[in-house]
Amino acid sequence: MRRTYADPYLAGVALGLVLLASFVLSGRGLGASGAFASASASVAAAVDTEAVSANAYFARYLADGGFGSDWLVFELLGVMIGAAVSALVSGRWRAEVERGPRLGIRARLAWAFGGGTLMGAGAMLARGCTSGQALSGGAVLSVGSWVFMLSLFASAYLVAPLLRRLWR
Amino acid sequence: MTATLGIALLIGVAFGVTLEQAGLGRARKLVGQFYGTDFCVFKVMFSAILTTLLGSFWLARLGLVDLTGFYVPETFLLPQFVGGLVFGVGFVLAGLCPGTSCVAAASGRLDGLAVMGGLFVGIGSCGLLFDRLQPLRASTAYGTLTLPQLFELPYGVVVLLVVAVALLAFRLLARFERPA
C-alpha cells in the first residue's frame with residue numbers, strides 16, 4: 001500500500017525534536033555534506049597519502065581516523081537506513097529516476113550530477129549545507145548560517161524560472 | 001563502533017525516517033518549493049527550527065541543558081554568502097540537497113545517487129583546490145556570532161521574533177500555494 005506523506009508541519013516538529021536530541025546528546029546538530037568531504041578526503045588519501053597530508057582541508061577529516069570513524073558518516077549511514085526502511089514500510093520504495101515531464105532519463109541524471117557538484121562547491125565554501133548550516137546553524141541562531149540560508153533560497157528563486165524546462 | 005558513533009547512527013535513522021515520511025526524498029516534490037506548487041520544504045524546515053529553538057530555550061531556562069555545549073557554526077560572511085548563491089543554483093538543478101539526495105537514493109531513486117556522486121566530486125575537487133579557495137573561504141571571519149549578539153538583544157527576544165516571523169510566513173505560504 002502506498003501511503004500519503006506526513007503533514008509537513010508535524011514532520012517538521014518531529015525533525016526539530018531529532019535535531020534537539022542531537023544537540024543534547026552529541027552537542028552538535030545534523031549534517032550531510034561533511035560526510036562527503038570525509039569520503040573524498042579518504043579516497044584522496046588512498047591515492048596519494050603525502051599530498052593529502054599537506055592539504056589542510058583533507059587532513060582535518062583524516063585527523064581522527066577518517067571515514068570509518070567520522071560522526072557525520074555514521075549519521076548519514078543512519079539516514080540511508082532510516083529512509084530505506086521508512087520507504088519500504090510505507091510502500092514507497094521504487095527503483096526509478098525522478099524527473100520533470102519533458103526531461104529524458106540521461107539528461108536528468110546529468111543535471112542531477114551537475115547540481116550535486118555545484119552544491120558540493122557551495123557547501124565547501126560555506127562550511128556546510130542545508131542540514132549543517134541552514135537547519136542546524138539556523139536553529140542555534142548563527143549569523144553565517146542565516147546568511148547562507150537566505151542567499152541559497154534567493155539564488156534558487158532567481159534561477160528557477162530559467163530552469164523551468166527541467167521540472168515543468 | 002563507539003557509543004558516540006552508535007548515537008550518530010541512531011540520530012541519523014530518525015533524521016532519515018522523518019525526511020522520507022515528509023516526502024523530502026523526492027526531487028519533484030522538493031522543487032515545487034521554487035515553482036509555488038508545494039511549500040513542503042519551508043514548512044518542514046521552519047517548523048523544525050522553531051521546535052529546536054523553543055525546545056532548547058526552555059530546556060536551558062529550566063536548567064536542564066547548558067546551551068554553551070551546543071555547537072554554533074562560525075560565521076564567515078562572504079564565503080557563506082557566495083557559497084549560498086552557488087548552492088542555490090545546484091539545488092534547483094539537482095532538485096535535492098545533500099541530505100535529501102541520500103534519502104532519495106535509499107528509497108530507490110537513481111537521481112539521488114547521481115546527486116550524491118556530484119557532491120563527492122564537487123567537494124573533492126574543491127578540496128584539491130584548497131590553496132586557491134582558502135583565501136575566500138577564510139575571509140570575513142567573525143568567529144562564533146549569533147543573531148542575539150549581532151542585534152544586541154536578549155536570546156529570548158530573538159527566539160520570539162523568529163517564531164513570530166515564521167508563523168506569519170506560514171500564513172502567507174498557505175495563501176500563495178497553488179497545488180499543481
Side-chain angles (χ1 to χ4, degrees), chain A residues 5-6 8-9 11-16 18-20 22-23 27-28 32-33 36-37 40 57 71 74-75 78-80 82-84 86-87 94-95 97-98 109 112-113 115-122 124-126 129-131 137 139-144 147-148 151-152 155-156 160 167, chain B residues 5 8-9 11-14 16-18 20-23 27 31 34 40 43-44 47-49 51-52 55 69-73 75 79-81 83-88 90-94 97-99 102-103 106-111 114-115 118-119 122-124 126-127 130 145-147:
Chain A
Y5 294 117
Y9 293 114
V13 171
L15 179 58
V18 175
L19 178 56
L20 186 60
S22 182
F23 274 119
R28 58 187 293 167
S33 58
F36 289 90
S40 64
Y57 182 73
W71 194 94
F74 276 77
E75 182 236 29
V79 167
M80 298 199 70
S86 169
R94 194 149 52 117
V97 175
E98 275 252 342
L109 292 177
F113 185 87
T117 311
L118 280 182
M119 286 191 292
M124 188 272 187
L125 283 176
C129 62
T130 17
S131 305
V140 288
L141 303 176
S142 163
V143 172
V147 167
F148 175 73
S151 84
L152 98 80
S155 157
W167 298 111
Chain B
L5 296 179
L9 190 74
I11 288 171
V13 168
V17 169
T18 322
E20 202 286 327
Q21 286 296 322
V31 293
F34 304 121
C40 183
K43 291 174 186 170
V44 172
S47 43
I49 288 178
T51 303
T52 308
F70 286 19
Y71 172 70
V72 179
T75 294
Q80 281 163 342
F81 175 71
L85 295 181
V86 175
F87 191 98
F91 197 172
V92 181
L93 289 176
C97 65
C102 298
V103 175
S107 50
R109 273 64 186 189
L110 299 169
D111 47 309
V115 177
L119 283 166
I123 294 185
C126 288
F130 179 74
L145 179 66
T146 62
L147 293 173

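Lettering follows sequence order; numbering is per chain, from 1.
- Residues A:Ala32 and B:Gly99 share a closest heavy-atom pair of CB-N, 3.5 Å.
- Between B:Thr18 and the choices A:Val79, A:Leu15, A:Leu19, the side-chain contact (heavy atoms from CB on, under 4.5 Å) rule is met once, by A:Leu15.
- In terms of non-hydrogen atom pairs under 4.5 Å with chain A, the most contact-rich of B:Leu110, B:Val72, B:Leu147, B:Val103 is B:Leu147.
- Put simply, CZ on A:Phe23 and CD1 on B:Ile11 are 10.5 Å apart, with the number rounded to the nearest 0.5 Å.
- Taking B:Ala27, B:Gly124, B:Ser47 one by one and counting their heavy-atom pairs under 4.5 Å with chain A, the maximum is reached by B:Ser47.
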Q: Test A:Ser33 against B:Ile123 for side-chain contact (heavy atoms from CB on, under 4.5 Å), laying out the working first.
A: CA-CA 8 Å; A:Ser33 58; B:Ile123 294 185; 4.0 Å; yes
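- Per-residue heavy-atom pair counts under 4.5 Å with chain A were compared for B:Gly118, B:Gly127, B:Cys97, and the maximum is reached by B:Gly118.
- Without hydrogens or angle criteria, A:Trp167 side chain to B:Val92 main chain gives a donor-acceptor distance under 3.5 Å.
- Scanning both residues, A:Ala83 and B:Glu20, for their nearest heavy atoms gives O-CG, 3.6 Å.
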Q.
Using the rule given for side-chain contact (heavy atoms from CB on, under 4.5 Å), can you reason through B:Phe87 versus A:Thr130, listing the C-alpha separation, both sets of side-chain angles and the distance that settles it, and then say yes or no?
A. CA-CA 9 Å; B:Phe87 191 98; A:Thr130 17; 3.6 Å; yes
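- Of all the listed residues (B:Gly55, B:Gly108, B:Gly122), the one sharing the greatest number of non-hydrogen pairs under 4.5 Å with chain A is B:Gly108.
- The shortest non-hydrogen separation linking B:Phe34 to A:Ala156 is CE2-CB, 3.4 Å.
- The shortest side-chain heavy-atom distance between B:Thr146 and A:Val140 does not fall under the 4.5 Å cut-off.
- In this structure the side chain of A:Leu152 never reaches within 4.5 angstrom of the side chain of B:Leu85, judged on heavy atoms.
- A donor-acceptor distance shorter than 3.5 angstrom exists from the side chain of A:Ser142 to the backbone of B:Pro73, with no hydrogens or angles considered.
- With sequence neighbours left out, A:Leu118 forms a side chain to side chain contact (heavy atoms under 4.5 Å, CB included) with B:Val86, B:Val89, B:Leu93.
- A pairwise comparison of heavy atoms in A:Ala126 and B:Gly83 identifies CB-CA, 4.3 Å as the closest pair.
- With a 4.5 Å cut-off on side-chain heavy atoms, A:Phe36 and B:Cys102 count as touching.
- Scanning all heavy atoms of the two residues, the minimum distance from A:Gly144 to B:Gln80 falls at CA-OE1, 3.1 Å.
- Within the 3.5 Å criterion, the main-chain N or O of A:Glu98 finds a donor-acceptor partner in the side chain of B:Asp111.
- Taking every heavy atom of both residues into account, B:Ala94 and A:Met119 meet most closely at CB-CE, 3.7 Å.
- Contacts with chain B were tallied for A:Ala87, A:Gly115, A:Ser151; A:Ser151 has the most, counting heavy-atom pairs under 4.5 Å.
- Side-chain N or O atoms of B:Thr52 include one that pairs as donor or acceptor with a backbone N or O of A:Gly16 at under 3.5 Å.
- Contact tally against chain A (heavy-atom pairs below 4.5 Å) for B:Phe81, B:Phe91, B:Phe130: the top residue is B:Phe130.
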